[in-house]
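Data first, discussion second: the structure below is written as structure tokens.
To find a chain, count down the sequence lines: A is the first, B the second, and so on, and within it residues start at 1.
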There are 2 protein chains.
Amino acid sequence: MLNEHPSVSAEARARVLAAVDALGYRPNAVARSLRTDQTRTLGLVISDVLNPYFTELARSVEEEARALGYSVIIGNADERPDLQDHHVRTLLDRRIDGLLVSPTDGGSPLMLDAARAGTPMVFVDRWIPGVDVPVVRADGRAAVRDLVAHLHGLGHRRLAIIAGPAATTTGSERVDAFREALAEYGLPLPGEYIGQGDFQAESGRRVTEGFLDLPEPPEVVFAADNLMALGALDAVRARGLRVPEDIGLAAFDDIPWFVHTDPPITAIAQPTGELGRAAVRALVDRIEGRPPQSVTLPARLVVRRSCGESPAEKRSRP
Amino acid sequence: MLNEHPSVSAEARARVLAAVDALGYRPNAVARSLRTDQTRTLGLVISDVLNPYFTELARSVEEEARALGYSVIIGNADERPDLQDHHVRTLLDRRIDGLLVSPTDGGSPLMLDAARAGTPMVFVDRWIPGVDVPVVRADGRAAVRDLVAHLHGLGHRRLAIIAGPAATTTGSERVDAFREALAEYGLPLPGEYIGQGDFQAESGRRVTEGFLDLPEPPEVVFAADNLMALGALDAVRARGLRVPEDIGLAAFDDIPWFVHTDPPITAIAQPTGELGRAAVRALVDRIEGRPPQSVTLPARLVVRRSCGESPAEKRSRP
DNA sequence: CAGGTCGATGTAATCGATTCCATGAGCTTT
DNA sequence: AAAGCTCATGGAATCGATTACATCGACCTG
């Protein structure tokens, strides 16, 4: 009756609406969801809320979802598979209409089951291979190649990477892209120049210390995410060394703060907001019976000063 | 039956549990909530997800809530009262058990009604005066006094502030505390040294430009939150000026990035995690029938280099 | 004017879990 | 052995909204 059913007289509706207003009545979404079997709610499970990349993603997801008439419940996995499962389970129990996930690991049975059982699902940023779920992500391959070209042009030859967990696609892809780009310049990527991180600042610090302890430390360190870059910066500072004079630093995932660090950090920027919006559109398409589409958007290199400057750039600076 | 009712035989339970496991059955939280009239869910409405202070708050809130057996649904108001109302309404429709709010404005009728109607509610960080709702917050008075002492000791006399919206308690309190502390040193706070911001980076930029255009610009700018400090830093850089040589900068709300900015920024740190946990405990007390308690924790000054250095500090630096 | 149609409104079933109540089986007690 | 009691179990009402269906009156048409 409150849903604009055509078979209700105009004055009856007016009277009811007045009463609704006077009493402050609001429909019980719980009861409605039980009856209609839809909650008009999306679940979003992200790997780390403290990472500005994911908060920006969350913000754009909520924005687009709101525009399409959906709410979003965010679950923070903190890069822990068990927490990720906890949130997926809770969201499923709440009978959310669809699930957006940036998986922390190679795929929990819970999530695989849910996907197989037909829960509308879309992967954002990271994904799980071999599962029939649309993926919305950025392709960093070209940007990584640009980065290596930039570093090579600056004269750097010994390049190291702080990798993310191998269980995540972004973790392994970024290393692969880096290795391939290096190969194009005839540069090696020796094992001791691949540090194993976990996308958290502390691991960036630890790995960087290892690099600095090497008999021949790298000239540039490329961190596979922004938090590990922050940790790397900490480690370099703690040794009394300077960026970029003593060692260069670059990061995957650009954030506003990188403009203001000392020095400003060269980074690969993802079209984060667009990714979030595209992911929501794909998921809602799936929910509402339209064929969902995977989307891949290009990332791009943003050059700043953390890897050193070409002579030309130096001249133009007073 | 699934709820450990004592009147069920052991083997019957075992058999059912086996079936539950085999079929992957999960209870429908929607139906349960409808029947029991509780969702074991807390709503959290924060002013801005992109502000690291609030994401840290959100994280600690979710953590503590999870420990107490509750879920959290986060609503991001983006400092907009209309969005705040949207989220409060949605959360209320979902029949959340309680609401944590950091109000963006002086109090929407919606929220006041909800409080009066008996919805369990707790204010975090910011609050609305005259409403009978527990408040969990940090007191920055002493820290602001410490900051002014620090600045005065460095020889600075012309101190300006970028204020937050007057409609928020944190907006007006920080100005008041600053003015009082200045008075203790016999320093004035002229109107042109009070810039009106809105807790967003862009307003910090704008206000700082105004300060720099003054015939007698301030020697130090104190931003009432971290994002406005970021904007201020932008504005100073855009003029080709340097911090702290040309102008000092301090901020309310400390964040990890402030260690790595150029220069590291002196800030007032709140015990954010503790605030989030205390707020959840107060709210859950209220929900479960125990008397909730307001909590006020002290903030503290973290001195870095953005306001200049004393001669002694300079000497110890190589 | 009778039969039929259309639209307005009231009534009842439904969603899935909880929870209360009645039934009945098994047991003790006098 | 009959009465009383405990405890397991099945059945039904409930939560609040949606939705299909039945009913009824009014109006239209042949």
Listing time: all N or O pairs from protein to nucleotides 14-16 of chain D that are below 3.5 Å?
| from | atom 1 | to | atom 2 | distance (Å) |
| --- | --- | --- | --- | --- |
| D:dT14 | O2 | B:Arg35 | NE | 2.5 |
| D:dG16 | N2 | A:Ala31 | O | 3.4 |

By the salt bridge (Lys or Arg N to Asp or Glu O under 4.0 Å) test, which pairs, at least two apart or in different chains, include something from [range]?
{"range": "residues 279-290 of chain B", "value": "B:Glu64-B:Arg281, B:Glu274-B:Arg281, B:Asp285-B:Arg290, B:Glu288-B:Arg290"}
{"range": "residues 36-47 of chain B", "value": "none"}
{"range": "residues 85-99 of chain A", "value": "A:Asp93-B:Arg26"}

[X]: partners by side-chain hydrogen bond (donor to acceptor under 3.5 Å, both in side chains), with sequence neighbours left out:
{"X": "A:Thr104", "value": "A:Gln84"}
{"X": "A:Glu56", "value": "none"}
{"X": "B:Gln293", "value": "none"}
{"X": "B:Thr272", "value": "none"}

Is the closest basic N to carboxylate O distance between A:Glu63 and B:Arg80 below 4.0 Å?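 No, A:Glu63 and B:Arg80 are not salt-bridged.
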Distance in angstrom units between A:Gln38 CD and D:dA17 C1', rounded: 13 Å
Compute the bend angle of the helix from C:dC1-D:dG30 to C:dT30-D:dA1 from the end axes (five pairs per end), rounded to 10°.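 If I round to tens, the end axes sit 60° apart.
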